[in-house]
Peer 1: 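Pasting in a structure now, in structure tokens, and then I'll have a few things to ask.
Since the model is a prediction, treat every value here as computed from it, not as a measurement.
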Amino acid sequence: MPGGFGGALDQSLCPCGGGAYRSCCGPMHRGEQRAETAEQLMRSRYSAFVRGEVDYLMATHPEPDVSAQQRRLALQRSCRQTHWLGLTVLAVSSGGPGDLEGTVQFEARYRGGVLKETSLFQRRDGAADGPWLYVAALKLEG
């Protein structure tokens, strides 16, 4: 899903800490592959916030009660205003290739603080082969 702010960063390290962007989160952002686990989706979403990949953020977090235009504007604002500094995954519960649901606890450092969150992820429509989606923050600090 092209359209981010950081196109020149393809040769750099991935913001999620998982290696080179072009082979880590880049293929997911470009729509060339799907996240295989809840953790992989969480990491790719963090990288999408860093790089301004708004289309990817919208596609991986359905919010049917909010208009697409409102969501897009809020995500663009968030991506531009927050300077993310790093990600640490603290714990993962379920969310593997054969699971329908999982949680990921993480800390995301940004200029001015740390976001501590436990996120819930589920497969679209409860289908074993459905794509992973971010559902909600179960616990949020920071």
Peer 1: Which residue is it: Tyr21, Trp84, Phe49? I am looking for the one with a side chain to side chain contact (heavy atoms under 4.5 Å, CB included) to Pro15.
Peer 2: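 Running side chain to side chain contact (heavy atoms under 4.5 Å, CB included) over Tyr21, Trp84, Phe49 with Pro15 returns exactly one hit, Tyr21.
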Peer 1: Looking at every non-hydrogen atom in both residues, tell me the closest pair between Gln105 and Thr118 and how far apart they are.
Peer 2: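 Smallest heavy-atom distance, with atoms named: CG-OG1, 3.6 Å.
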Peer 1: Evaluate the side-chain proximity of Gln70 to Glu63: yes if any heavy-atom separation is below 4.5 Å, no if none is.
Peer 2: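 The answer is no; the side chains never approach within 4.5 Å.
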Peer 1: Are Phe106 and Leu133 co-members of a hydrophobic cluster defined by side-chain heavy atoms under 4.5 Å apart?
Peer 2: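 In one cluster with Leu133: Phe106, no.
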Peer 1: If hydrophobic clusters are built by linking Ile, Leu, Val, Met, Phe, Trp and Tyr wherever their side-chain heavy atoms come under 4.5 Å apart, do Leu41 and Leu100 end up in the same one?
Peer 2: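 Per the 4.5 Å side-chain linkage, Leu41 and Leu100 are not co-clustered.
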Peer 1: In terms of heavy-atom contacts, does CD of Gln33 have more than 12 from other residues, nucleotides or ligands at under 6.0 Å?
Peer 2: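 Yes, because the 6.0 Å sphere around CD of Gln33 holds more than 12 heavy atoms from other groups.
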Peer 1: Could you state whether Val92 and Leu120 fall into the same hydrophobic cluster, counting links through intermediate Ile, Leu, Val, Met, Phe, Trp or Tyr residues with side-chain heavy atoms under 4.5 angstrom apart?
Peer 2: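 In one cluster: no.
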Peer 1: Hey, what do you get for CZ (Arg109) to CG (Leu87), rounding to the nearest 0.5 Å?
Peer 2: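 Rounded to the nearest 0.5 Å, the CZ-CG separation comes to 7.0 Å.
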Peer 1: Under a 3.5 Å distance rule, please check whether Ser78 uses its side chain to pair with a backbone N or O of Ala74 as donor and acceptor.
Peer 2: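 Judged by distance alone, no pair lies under 3.5 Å.
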Peer 1: Quick check: closest heavy atoms across Arg43 and Cys16, and the distance to 0.1 Å?
Peer 2: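 Shortest heavy-atom separation between Arg43 and Cys16 comes out as NH1-O, 2.6 Å.
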Peer 1: As an exercise, state the distance from OG of Ser93 to CD of Glu101, rounded to the nearest 0.5 Å.
Peer 2: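 So the OG of Ser93 and the CD of Glu101 are separated by 9.0 Å.
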Peer 1: Identify the two heavy atoms, one from Asp129 and one from Arg123, that lie closest to each other, and give their separation to 0.1 Å.
Peer 2: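 Heavy-atom minimum between the residues: C-NH1, 4.5 Å.
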Peer 1: Does a side chain donor of either Tyr56 or Arg51 reach within less than 3.5 Å of an acceptor in the other side chain?
Peer 2: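 Per modelled atom types, Tyr56 and Arg51 side chains form no pair under 3.5 Å.
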Peer 1: Kindly give the heavy-atom pair with the smallest separation between Leu57 and Arg45, and that separation in Å.
Peer 2: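 For Leu57 and Arg45, the tightest heavy-atom pair comes out as O-NH1, 3.0 Å.
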Peer 1: So which atom in Tyr46 and which in Ala108 form the shortest heavy-atom distance, rounded to 0.1 Å?
Peer 2: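 Here Tyr46 and Ala108 meet closest at CE1-CB, 3.9 Å.
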Peer 1: Test Asp55 against Arg72 for salt bridge (Lys or Arg N to Asp or Glu O under 4.0 Å), laying out the working first.
Peer 2: CA-CA 8 Å; Asp55 290 341; Arg72 182 172 300 284; 2.8 Å; yes
Peer 1: Does the pair Leu90 and Lys116 meet the rule for a side chain to side chain contact (heavy atoms under 4.5 Å, CB included), with working shown?
Peer 2: CA-CA 10 Å; Leu90 303 172; Lys116 299 177 183 179; 5.9 Å; no
Peer 1: Just so I know, are the side chains of Asp99 and Trp132 near enough to count as touching, which here means a heavy-atom distance under 4.5 Å?
Peer 2: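 Yes. Closest side-chain heavy atoms under 4.5 Å.
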Peer 1: For residues Met58 and Arg71, report the shortest heavy-atom separation together with the two atoms involved.
Peer 2: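 In this case the closest contact between Met58 and Arg71 is O-NH2, 3.0 Å.
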Peer 1: Could you give the distance from CZ (Arg22) to SG (Cys14), rounded to the nearest 0.5 Å?
Peer 2: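 Answer rounded to 0.5 Å: 11.5 Å.
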Peer 1: Is it true that Thr37 and Glu39 share a donor-acceptor pair across their side chains at a distance under 3.5 Å?
Peer 2: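 Absent: no donor and acceptor within the cut-off.
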Peer 1: According to a hydrophobic-cluster definition based on side-chain heavy atoms being under 4.5 Å apart (Ile, Leu, Val, Met, Phe, Trp, Tyr only), do Leu115 and Val135 belong together?
Peer 2: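 No, no single cluster joins them.
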